[in-house]
Amino acid sequence: MNYAQIVLPLNLKGSFTYKVPEELQTGIQTGMRVLVPFGGKKIYTGIVFELHNNAPETFVAKEVISLLDDQPIVPQEQIKFWNWLSDYYLCGLGEIYRFAFPSSLKLESETYLKLKPNVKVDFENLDVNEMYLIQALEVRQLINLTDIEAFIPKKDIIKTVNSLIDLQYIEIDEKIAEKYRAKEIAYVKINDEVLQRQNITEILLSLKRAQKQKDLFLHILEKQTENPDLPIKKSELFEDGYFGSSHFKALADKNLVEEYYMQKDRIESYEGEIEEIEELSEAQKEAKNEVDEAFEEGKNVLLHGVTSSGKTHIYLEKIEECISEGKNVLFLLPEISLTKQITQRLEKKYGRQLGFYHQKLTDFERVEVWRRIRQNDIKVLIGTRNSLFLPFQNVGLVIVDEEHDSAYRPREVSPYFNAKDAALVFGNFYGAKVILGSATPSVESYYNARKDKMKYVFLEERFGNVNLPEYELINFKEAQESKKVSGNFSLQLIDEIKKVVEEKNQAIVLHNRRGYANVVECETCGYVNYCSNCDVVMTYHKAANEMKCHYCGQRASKPKVCPKCHSENLNERGVGVEQIHEEVSKLFPDQEVDRMDVDSMRKKFAYEKLYEKIEDRETDIVVGTQMISKGLDFDHIELVAIPKADSLLYVQDFRAEERAYQLITQVSGRAGRVSGKGKVLIQTFNPDHSVFQLIKMNSPAKIYKYILTERQKFHYPPFTKLIMIELKHRREDKANRASQFLGSILRKYLPEDCVLGPEKAQIARLNNFYQFQIMLKLPKGKKYEEYKKRVLASLKEFDEITAYHSIRKDVFVDF
DNA sequence: AGCACGCCGACT
DNA sequence: GTCGGCGTGCTC
């Protein structure tokens with residue numbers, strides 16, 4: 001194979017063709033990393049995606065400089081997966097590559113060069129540049145491509161480096177190119193020989209004048225005898241400050257103890273005992289059998305288990321089965337912070353063979369996980385959506401927990417994809433089974449499972465037969481009319497909270513809106529405080545005493561007088577969680593009331609501290625945003641109150657009802673987990689609203705039926721496919737014209753009713769970019785593929801207009 | 001995405 | 001006269 005298609009870590013379409021020099025032809029394989037020159041002076045680490053013999057006709061291909069791997073780093077399954085993502089989500093392979101790889105595995109021009117050892121350079125036949133480079137290397141040994149710029153013209157760098165590599169004078173320094181070195185950790189042990197030669201009493205006697213050394217020796221000895229297989233970290237000895245390193249050194253000098261080094265994974269892994277998991281309940285056994293059946297039929301599963309039904313138990317059983325068959329497991333979570341329960345249980349069971357991968361790891365830590373996965377050293381990997389790109393060898397099971405969670409498809413990071421859907425395809429490529437699990441499955445997954453695309457498994461009862469919480473609707477309008485309210489709380493709601501806290505139980509108050517007040521408005525002239533970067537009113541945060549833009553993060557001080565008319569009549573409108581917190585604190589002055597939202601949890605360990613406080617029942621009432629719907633599994637929460645439930649529904653989004661149902665159900669799941677007497681109070685102006693009524697009935701089947709009917713009526717997913725195209729530019733007219741133009745092209749290729757817009761985005765200006773949106777509502781099935789091709793053609797036609805190249809364009813498939 | 005090239009305004 | 005602003009075009 002003479003030519004290779006190489007994917008580069010750039011936001012460019014497709015791959016680039018390079019010539020494979022003869023000496024590399026035997027070693028090169030798809031999925032390996034290579035160094036290639038690109039543009040005048042850059043060297044990139046690319047991935048070989050394809051090998052072929054078709055010489056390009058329109059350009060001269062450059063040559064691959066060198067191979068960085070002797071085995072493919074991207075397995076075949078991943079190559080298929082990347083190609084699928086790129087096709088399906090209309091994104092570039094380069095984008096995927098950038099997202100998938102830790103940065104130290106894809107370095108750019110920081111590549112270092114060195115002289116080959118023992119070469120005689122024939123200066124006669126070198127040109128000036130080559131001579132300069134050799135001379136520089138003789139002085140400095142290692143040189144970076146950026147450094148070379150100092151003495152060789154940029155456009156000649158690649159040529160010079162290539163020719164010197166060809167002449168075998170210089171080479172790429174792989175060790176530094178790999179940036180990463182496994183970290184070694186010091187461990188200690190008693191010198192083996194000493195134990196054979198002398199008895200303990202003799203040793204202790206010899207140490208009788210050095211109390212601390214004696215203590216330290218005994219301490220190490222004790223640990224070592226207690227658990228001979230558990231290595232003792234040197235750093236552990238000095239933790240409590242009783243021993244110092246001098247004491248250890250003295251013992252080491254006397255040859256009584258020794259230290260040794262072991263490569264230690266940067267990721268801390270569990271080193272304690274391994275425990276068996278508990279037995280499944282009847283309902284769980286039944287559900288597990290259904291999962292087994294589905295897998296035998298070759299079907300994936302949607303595991304719909306009500307809150308506290310113990311989905312985790314079933315996961316654990318399946319994980320264990322999968323591992324006993326010699327295959328590995330990928331366990332996906334929306335955010336790594338909510339891993340507590342599952343992690344603890346898996347750690348006990350799988351100890352060191354458990355790995356973690358998520359956005360919060362450092363680059364070194366990521367590479368470590370990559371290495372371990374490649375060496376098949378990890379049996380269960382728990383991670384967020386980016387774990388889908390690890391170089392797995394043989395995955396047998398993929399679990400997507402909390403599959404409905406929107407963190408699986410953040411809109412801000414490219415490439416845009418939904419990890420839940422991608423996981424199904426990933427599983428297919430790996431020949432692995434997939435379980436999507438949730439207490440409130442997404443409407444799409446529910447529909448697919450009901451349409452027999454997946455097997456639907458319903459776990460209807462809570463573990464231990466504990467009752468689900470009871471829902472009650474409070475008509476706030478009526479309460480207001482009969483004057484039975486205090487601020488945003490009806491007296492009934494206050495009473496119910498009182499009852500719970502008087503019994504020393506805990507209550508949760510949900511209000512899903514950050515800040516104190518939505519708007520600060522001048523009563524005299526109507527002035528409101530807009531963000532200077534976005535078309536958004538700024539939210540007043542009382543705790544921080546500032547105005548914040550929730551979209552670009554800009555802060556401003558709160559105006560004391562209206563900046564426009566200097567009136568002092570400033571009015572706060574729109575209730576935020578801070579205000580609800582303030583109200584609750586005033587209503588319950590003797591109770592400990594805490595707030596949980598992104599703003600109050602920003603400080604280091606704030607979340608952990610509050611978590612412990614709630615766990616220890618120091619907190620009586622927690623007021624919070626949707627954050628409180630996740631991970632707070634405590635035994636004494638008996639009440640969930642939602643004072644302004646309507647605010648959950650009135651959002652401009654066809655998924656608003658689904659979201660409201662999910663959020664309310666998820667928060668409700670925190671109540672009465674043990675007692676079975678949990679209560680949920682939904683205070684609303686519209687107690688007759690179908691969503692509230694259906695939630696009250698506690699029948700998921702009915703609520704999904706309702707939402708699906710609505711979706712069908714208005715042609716929304718899962719009955720259609722949505723593609724949203726967003727165009728942004730600093731200048732409004734340009735963004736507007738470009739989107740009008742794209743709209744007209746799309747209308748040329750697609751039926752009129754498929755194209756909606758362009759329209760100003762809901763936030764017309766964000767971070768100083770004006771945004772316009774075009775929504776495509778496409779039919780499902782065979783026609784979809786056809787239509788998507790036309791969309792692609794339209795985008796291509798659009799791209800041909802050079803004047804619009806400066807327009808930022810994002811395409812969201814399955815919006 | 002980066003980077004070069006090229007064309008215009010404000011400075012030593 | 002030159003430095004540097006960003007619009008445009010190209011990268012195998």
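Each chain gets a letter, A, B and so on, in the order its sequence line appears, and its residues count up from 1. As the structure is a computational prediction, the values presented were derived from the model and not from experiment.
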* Which residues satisfy the side chain to side chain donor-acceptor pair (under 3.5 Å) test with Asn428(A), sequence neighbours excluded? ->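 Partners of Asn428(A) under the side chain to side chain donor-acceptor pair (under 3.5 Å) test: none.
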* Does Asn394(A) have any side chain to side chain donor-acceptor pair (under 3.5 Å) partners at least two apart in sequence or in another chain, and if so, which? ->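 Partners of Asn394(A) by the side chain to side chain donor-acceptor pair (under 3.5 Å) criterion, ordered by chain and then number, come out as Asn328(A).
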* Partners passing ring-ring contact (aromatic ring centres under 6.0 Å, His included) against His550(A) (at least two apart in sequence or in another chain) ->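 Applying ring-ring contact (aromatic ring centres under 6.0 Å, His included) to His550(A) gives His541(A).
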* With sequence neighbours left out, what residues match Ser794(A) under side-chain contact (heavy atoms from CB on, under 4.5 Å)? ->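 With neighbours one apart ignored, the set is Ile745(A), Leu746(A), Tyr749(A).
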* **Residues in side-chain contact (heavy atoms from CB on, under 4.5 Å) contact with Asn54(A), at least two apart in sequence or another chain** =>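 Testing Asn54(A) for side-chain contact (heavy atoms from CB on, under 4.5 Å), a comparison that skips the adjacent residues, returns His52(A).
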Starting at atom [atom1] of [X], determine the distance to atom [atom2] of [N], rounded to an integer number of angstrom.
X         : N      : atom1 : atom2 : result
Leu10(A)  : dC3(B) : CG    : C1'   : 11 Å
His805(A) : dA1(B) : NE2   : C1'   : 14 Å
Asn11(A)  : dA1(B) : CG    : C1'   : 6 Å

* To do: Would you indicate what Thr802(A) reaches in the nucleic acid, counting non-hydrogen atoms under 4.0 angstrom: base, sugar-phosphate, or nothing?
  =>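 Result for Thr802(A) = sugar-phosphate.
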* Asked: Is Tyr18(A) touching bases, backbone alone, or none of the nucleic acid, heavy atoms closer than 4.0 Å?
  ->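 Here Tyr18(A) touches the backbone only, sparing every base.
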* **Along DNA chain C, first and last positions that approach a heavy atom of chain A under 4.0 Å** =>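 On DNA chain C, the outermost contacted nucleotides are dG9(C) to dC12(C).
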* Using the salt bridge (Lys or Arg N to Asp or Glu O under 4.0 Å) rule, collect all pairs that involve residues 784-794 of chain A, keeping only residues at least two apart or in two chains. =>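 Output for this query lists Glu786(A)-Arg790(A).
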* Phe38(A) and Phe16(A): aromatic ring centres closer than 6.0 Å? ->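 Distance test on ring centres: under 6.0 Å, yes.
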Return all side-chain donor-acceptor pairs below 3.5 angstrom for residues 131-138 of chain A, not counting sequence neighbours, or 'none' if the list is empty.
none

Between N or O atoms, less than 3.5 Å apart, protein on one side and nucleotides 6-8 of chain B on the other: list the pairs.
none

